[in-house]
Amino acid sequence: MLQLLVELESPFMNSIISIKNLTKTYENGFQALNNLSLEIEEGEILALLGPNGAGKTTLISAVCGLLSVPKNTITVGGFDVSNDYRNSRSLIGLVPQEITIEPFETVKNAVSFTRGLFGKPADSAYVERLLKDLSLYDKRDHKNMMLSGGMKRRVMIAKALSHEPKILFLDEPTAGVDVDLRKDMWNVVARLRKSGVTVILTTHYIEEAEEIADRIGIISKGKLLLVEEKNNLMQRMGSKNLTIELEEPALKIPTSLSHHRLTLSDDGMQLRYVYDVSAQKTGIVNLLIELKEASFKFRDLQTSESSLEEIFVNLVKE
Amino acid sequence: MNFFAIIAIYKFEMARTFRTLLQSIVSPVISTVLYFVVFGSAIGSRMEQIQSIEYGSFIVPGLIMLTVLMQSVSNASFAIYFPKFLGTVYEVLSAPVSYIEIIIGFVGAAATKSFIIGIIILMTATLFVDVQIKYPLIMLCLLAMTCISFSLFGFILGIWAKDFEQLNLVPMLILTPLVFLGGSFYSIEMLPPLWQQITLFNPVVYLISGLRWSFFGTADVGIHYSLFAIGLFMFVCIAIISWIFRTGYRLRN
């Protein structure tokens, strides 16, 4: 009973991937990952953000078995990726960053090949349904080399899903694809999430992470700077701007208001006030009272929130 | 054992053969036919018998071995190098398959292709010269063992090669001379004594000699030496591949 309670109280009771103190140094001496630990929960969508060379792809490669890693550093579904690679890998589908598919094979055969490779018996009905879901059914007998870049990317997703994985890694899935296809992919990810698939994606498009992720992880120089619920992150680290439009232009901010974080626009028609989203008191009411006392007349008020991109840029800069 | 994965790799590789039928099967057969026309029919008819065997018939095992060795190495090396070149090798490396299953799939397909080519060449030879096989079962076993062991060697080559130049380097600069100097077209008894001794360091001599023994019951070296040489070569190749997958050499780094 006590054991059960301990398990229930564990913050990562539903961890499907557990990474502990993972360090990866390549033969040329470059340290791609530095003592990185991460728990990924079942059914979530985790977006990994980071600049080029941050270690995102190395991290994915280590989990998927593309890199040799020490024993007992990564478990997938409770299985160690080194000791019990059969069970751990069978849970994972991977869509790598580069478009890499056998050019001379047909779409259907390529997808069926991957299914077999992952130890699943042939299932034409499932493969056809998958191709229909990804709008590839009409191209099923086309050779891969005849497809557009976007279609090839879909084939790679179909291959990754061919063995019905519980975890899907998408390494920059929408890099270089048009807006329509990007939206389509977001829909695919949303559908996968509904079916209980855990999705881990790396992306350069912050808006993508903002749109679809439950949690955000930020990696820089091989270190995981943070991993947090998207909404919490934006609330904790984000800031809000209050823009006050004036009826008449102001020449300068009076010294009596200097204790507020105020800036004046070049034309003197707007005052900008930055405040903490997570702070108990925003100071807006006091500011407005003091502005009125200083004889400022307002025409309009607007608030705006800082984006994930700004948070990301600030974190990585630090 | 992940049988579905073995079947998937095997079928995928065999499909490549049928997609490139001209390059895979017809091309080596035509080359061998030309050898038979030149060495078997044109020159062979003017040559003396070797070990009491007509020259045209004598070169059949050598020609089969010449093609089978080259095809085994090139099929297997290309089979693993091409996915490495394209980047599609990530699929195999991230799949729940052991290196033994990967080898059975890739090497099995490469060996099957070269075995089929070997049999086609044998059948083609019967159109040009009189071919009698004294020990057909042993001949098939030796052919299969050669196909498998040199496909294993080709697999290592495909993993080792960093570019297409390296991929062709070993077959062109090492394998071809070894095969030509291994007694494909002559008996090593025809060489001066010193060269006879030097030739015994050429492993291909044992392969050709073994196959020739299965055809005619006579050869340059004893059949047990040939079997030992093939067995040893196969063992060394498996040991190297095992090391490659254990360390991830040129695959997982």
Side-chain angles (χ1 to χ4, degrees), chain A residues 24-28 32 57-58 60-69 76 79 81 84-106 109-123 143-145 156 159-160 162-163 165 169 171, chain B residues 1-24 78-106 108-109 159-160 162 242-253:
Chain A
K24 181 70 193 174
T25 306
Y26 286 104
E27 283 172 358
N28 61 8
T57 301
T58 302
I60 290 179
S61 300
V63 177
C64 295
L66 298 173
L67 290 174
S68 306
V69 291
V76 176
F79 304 109
V81 297
D84 204 349
Y85 68 91
R86 277 192 201 276
N87 283 319
S88 61
R89 289 184 199 168
S90 63
L91 298 173
I92 299 173
L94 167 65
V95 182
Q97 199 171 328
E98 304 290 332
I99 295 178
T100 49
I101 43 176
E102 164 71 62
F104 306 108
E105 196 50 89
T106 63
N109 286 350
V111 175
S112 301
F113 166 70
T114 310
R115 184 177 169 82
L117 203 56
F118 277 76
K120 291 270 183 175
D123 186 343
K143 285 186 177 177
N144 289 324
M145 63 182 177
M156 293 187 66
K159 281 163 80 67
S162 65
H163 60 285
F169 279 94
D171 196 359
Chain B
M1 191 66 105
N2 187 346
F3 289 107
F4 290 115
I6 295 172
I7 294 166
I9 297 171
Y10 186 85
K11 277 172 68 179
F12 201 77
E13 285 304 310
M14 291 308 286
R16 194 203 306 278
T17 308
F18 294 114
R19 272 202 309 270
T20 56
L21 209 58
L22 271 177
Q23 182 197 327
S24 300
F78 190 77
I80 189 68
Y81 179 77
F82 197 51
K84 266 178 59 187
F85 176 74
L86 290 175
T88 54
V89 75
Y90 83 88
E91 269 197 298
V92 176
L93 298 177
S94 63
V97 287
S98 68
Y99 80 87
I100 292 171
E101 290 151 2
I102 293 174
I103 291 170
I104 294 173
F106 278 107
I159 290 172
W160 168 79
K162 284 183 177 171
S242 162
W243 173 82
I244 285 172
F245 278 93
R246 215 172 42 250
T247 59
Y249 173 77
R250 293 199 177 172
L251 280 178
R252 291 190 197 277
N253 283 303

Please enumerate all residues that pass salt bridge (charged side-chain N to carboxylate O under 4.0 Å, His left out) together with B:E13, with sequence neighbours excluded. B:R16
Check whether any side-chain heavy atom of A:F118 lies under 4.5 Å from a side-chain heavy atom of B:S94, and answer yes or no. yes
For the interface with chain B, which of A:S112, A:G119, A:A160 has the highest count of heavy-atom pairs at distances below 4.5 Å? A:G119
Are A:T100 and B:T88 close enough that some pair of their side-chain heavy atoms sits under 4.5 Å apart? yes
Give, as side chain, backbone, both or neither, the part of A:E98 having an atom under 4.5 angstrom from any heavy atom of chain B. neither
State whether the number of non-hydrogen atoms from other residues, nucleotides or ligands found under 6.0 Å of B:F85 atom CZ is greater than 12. no
About how many Å separate CZ of B:F4 and NE2 of A:H163, when rounded to the nearest 0.5 Å? 14.5 Å
Salt bridge (Lys or Arg N to Asp or Glu O under 4.0 Å) contacts in which one or both residues fall within residues 87-104 of chain B, not counting sequence neighbours: A:R86-B:E101, A:K159-B:E91
Can you confirm whether B:K11 is buried at NZ, in the sense that more than 12 heavy atoms of other residues, nucleotides or ligands lie under 6.0 Å from that atom? no
Considering only heavy atoms, which portion of B:F3 lies under 4.5 Å from any heavy atom of chain A: side chain, backbone, both, or neither? neither
Engaged part of B:V92 at the chain A interface, taking heavy atoms whose separation is under 4.5 Å: both
Determine the option with the most heavy-atom pairs under 4.5 angstrom with chain B, choosing from A:N109, A:L94, A:I99, A:N87. A:L94
Looking only at heavy atoms, which two atoms of B:V97 and A:L117 are closest? And how far apart? CG1-O, 3.7 Å
Contacting moiety of B:I9, where chain A heavy atoms sit under 4.5 Å: both
Do B:Y90 and A:S61 touch side chain to side chain, with heavy atoms closer than 4.5 Å? no
